[in-house]
K.L.:
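Once you've had a glance at the structure underneath, I'll fire off some questions.
Start at 1 and go down the list; that is how both ligands and their atoms are numbered. Here the structure is a predicted model, which means the values were calculated and not measured. We use all heavy atoms of the structure for the numbers below, so side chains are in, but hydrogens, waters and symmetry mates are not.
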Amino acid sequence: MGTADFARVITGTAFHTPARDRLEVLEDHAFVLDSTGTITQMLPAGDARRTELVEAARSRGVLEELPKGSFLIPGLVDLHIHAPQWPQLGKALDAPLEVWLHKYTFPMEARFADTAFAAEVYDEMVATLLAHGTTTAVYFGSVEVEPNLVLAEACLRHGQRALIGKVAMDDPDNCPPYYRDDSAQAGLDATRRFITELRQMAGEDPLVLPVVTPRFIPSCSDELLAGLGALAKELDCHVQTHCSESDWEVGHVAARLGQTDCEALSGHGLLTERTVLAHSNFITEDDMGLLCAHGSAVAHCPMSNAYFANAVFPLRQALERGVKVGLGTDISGGFSPSLFDAARHALMASRHAASGTDPSLPPEARGPGSRPLSTVETFWLATASGGAALDLPIGQFAPGYRFDALAIEANAPGSGFRHYAALDAPEDCFEKLVLTADRGAIARIWVDGTPRLD
Ligand SMILES: O=c1[nH]c(=O)c2nc[nH]c2[nH]1
């Protein structure tokens, strides 16, 4: 590459996990980006080409040098979040899922039909999520088309990578009259219009993508589910839905269809290699086989699982089977905007699941003794594995990947991420970052190589 062929150069030490068990420390590297924010080269200190490139970038005013004590990491990928539940974050968690939806959540989501309200809430929400390190969010929107387009505008304005779904739900037995698609056909027509209009808005090389989004089987007729499966194929879209979340939900699907959620979704063409299934706590061995065969992913949402799931997602088994898994905040079933928090809850849930929780049992009978998540695996779930689940070139540093990244500053005032150069090896520093980095430690945010929230 000649010195003229780059748009930006960023230098610094980076942590990333390109594979489940592999931490790489990229000491003092220069990341060379093209005009789309794609990494073209990664040059370590001492590389003969580096000095010339860095000097050329400096003279053109497109060099960013991270100070010592700051660390680059890939941006966080939130695979499951409900945008119109944002005003409910941190409250209304006193009821089981089937009550919570009707008592609190459908009324809240229905308010977003007011696009002025949607614009105000979404502008602030997207900025807040970016500030917490979420460079990519996979959003459930609401039922009407327009507020979801307002959400897309907010993501484009702030520069957050987003996948957005108009929620489809038409079953009069499980959806209130004030908040549902009028019929299966109405839900399909509205979904098609949303996809078309969002694609027009996002243009070429889009930062925002549409997602076909049946809410979950209990709220959708068979006709709607089948139609959405066909639409996802025709329009070549990602798919998202909730899957096997709780005792009530699994029981509902079994009683109605005599199938598991995965079997039913597969039958309707909704399991693809760009499908993200939230939760999936109760999936069977055979379901895991179906997910592997289709290449579909699970968005593990440990925080909301603690409220709604009645069980812990069998994460270790899913990973051992080769199921793709990433993490979700599941706002507002989850109460934190931070995917770091979701990652830490995943770590805790996996430790409880591995040891078991009943102190009256002897240790050997208390739990399965399976291997809990390591810190490296936890970080991989929040970054590289999330990117792979979406089939997007994000979540790690490598040529061909988009530079979606965070600069995490150690010892920032008020932050719990403390680094002692004389005591902490790079691996210690990484572990501390995963377990303690907070909003106060996020010094800089890039999406597609462009600084955001500046
Ligand atoms: O955690 C959840 N949040 C929701 O909004 C929802 N809808 C269906 N199933 C759901 N689960």
Side-chain angles (χ1 to χ4, degrees), residues 78-112 125 137-143 147-148 151 164-171 173-176 179-181 187 211-221 224-225 228 239-253 256 260-262 264-265 270 275-283 298-313 326-337 341-342 345-346 349:
D78 186 346
L79 285 187
H80 185 61
I81 164 168
H82 292 264
Q85 295 174 20
W86 180 250
Q88 208 167 260
L89 183 72
K91 71 172 187 178
L93 285 166
D94 60 345
L97 175 65
E98 61 277 21
V99 176
W100 176 81
L101 285 170
H102 291 268
K103 186 173 173 188
Y104 303 115
T105 300
F106 293 154
M108 173 55 71
E109 293 190 7
R111 294 179 68 110
F112 284 73
M125 176 193 74
V138 185
Y139 288 111
F140 268 60
S142 51
V143 170
N148 301 313
L151 171 59
I164 301 175
K166 171 241 168 311
V167 168
M169 45 194 273
D170 70 329
D171 189 335
D173 290 340
N174 285 298
C175 307
Y179 190 57
R180 67 179 181 230
D181 294 299
V211 191
V212 166
T213 306
R215 183 169 205 118
F216 65 156
I217 293 173
S219 63
C220 298
S221 65
L224 180 59
L225 292 169
L228 290 172
V239 175
Q240 63 179 341
T241 190
H242 299 90
C243 173
S244 298
E245 180 175 2
S246 70
D247 288 320
W248 166 78
E249 193 273 336
V250 168
H252 177 101
V253 174
R256 177 174 134 196
T260 66
D261 286 48
C262 287
L265 294 169
L270 288 162
T275 293
V276 177
L277 301 175
H279 311 304
S280 310
N281 303 295
F282 291 87
I283 57 174
V298 171
H300 174 36
C301 307
M303 222 183 280
S304 88
N305 289 171
Y307 286 97
F308 296 147
N310 323 113
V312 175
F313 172 62
L327 297 177
T329 56
D330 193 19
I331 289 166
S332 66
F335 54 74
S336 169
D341 282 347
H345 280 257

K.L.:
Extract all N/O-N/O pairs under 3.5 Å that connect ligand 1 to the protein, and present each with both atom names and the distance rounded to 0.1 Å.
P.N.:
{"residue": "ligand 1", "atom": "1 (O)", "partner": "Glu245", "partner atom": "OE2", "Å": "3.1"}
{"residue": "ligand 1", "atom": "1 (O)", "partner": "Asp330", "partner atom": "OD2", "Å": "2.9"}
{"residue": "ligand 1", "atom": "5 (O)", "partner": "His82", "partner atom": "NE2", "Å": "3.4"}
{"residue": "ligand 1", "atom": "5 (O)", "partner": "Gln85", "partner atom": "NE2", "Å": "2.9"}
{"residue": "ligand 1", "atom": "5 (O)", "partner": "Arg215", "partner atom": "NH2", "Å": "2.8"}
{"residue": "ligand 1", "atom": "7 (N)", "partner": "Arg215", "partner atom": "NE", "Å": "2.9"}
{"residue": "ligand 1", "atom": "9 (N)", "partner": "Glu245", "partner atom": "OE1", "Å": "3.4"}
{"residue": "ligand 1", "atom": "11 (N)", "partner": "Glu245", "partner atom": "OE1", "Å": "2.7"}
{"residue": "ligand 1", "atom": "11 (N)", "partner": "Glu245", "partner atom": "OE2", "Å": "3.3"}

K.L.:
How would you list, by chain and number, every residue that makes a side-chain hydrogen bond (donor to acceptor under 3.5 Å, both in side chains) with Asn148, sequence neighbours excluded?
P.N.:
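Not a single residue meets the side-chain hydrogen bond (donor to acceptor under 3.5 Å, both in side chains) criterion with Asn148.
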
K.L.:
Check step by step if ring pair (Phe, Tyr, Trp, His ring centres under 6.0 Å) holds for His279 and Phe308.
P.N.:
CA-CA 10 Å; His279 311 304; Phe308 296 147; 8.1 Å; no

K.L.:
In chain order, what residues pass the side-chain hydrogen bond (donor to acceptor under 3.5 Å, both in side chains) check against Thr213, with sequence neighbours excluded?
P.N.:
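Scan of Thr213 (side-chain hydrogen bond (donor to acceptor under 3.5 Å, both in side chains), adjacent residues dropped) gives Gln240.
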
K.L.:
Who pairs with Thr275 by side-chain hydrogen bond (donor to acceptor under 3.5 Å, both in side chains), at least two apart in sequence or on another chain?
P.N.:
Thr272

K.L.:
So, are Asp181 and Lys166 salt-bridged, with charged N and O less than 4.0 Å apart?
P.N.:
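Looking at Asp181 and Lys166, the cut-off is met.
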
K.L.:
For Thr105 and Gln85, run side-chain contact (heavy atoms from CB on, under 4.5 Å): C-alpha distance rounded to whole Å, both residues' side-chain angles, the deciding distance at 0.1 Å, then the answer.
P.N.:
CA-CA 7 Å; Thr105 300; Gln85 295 174 20; 3.3 Å; yes

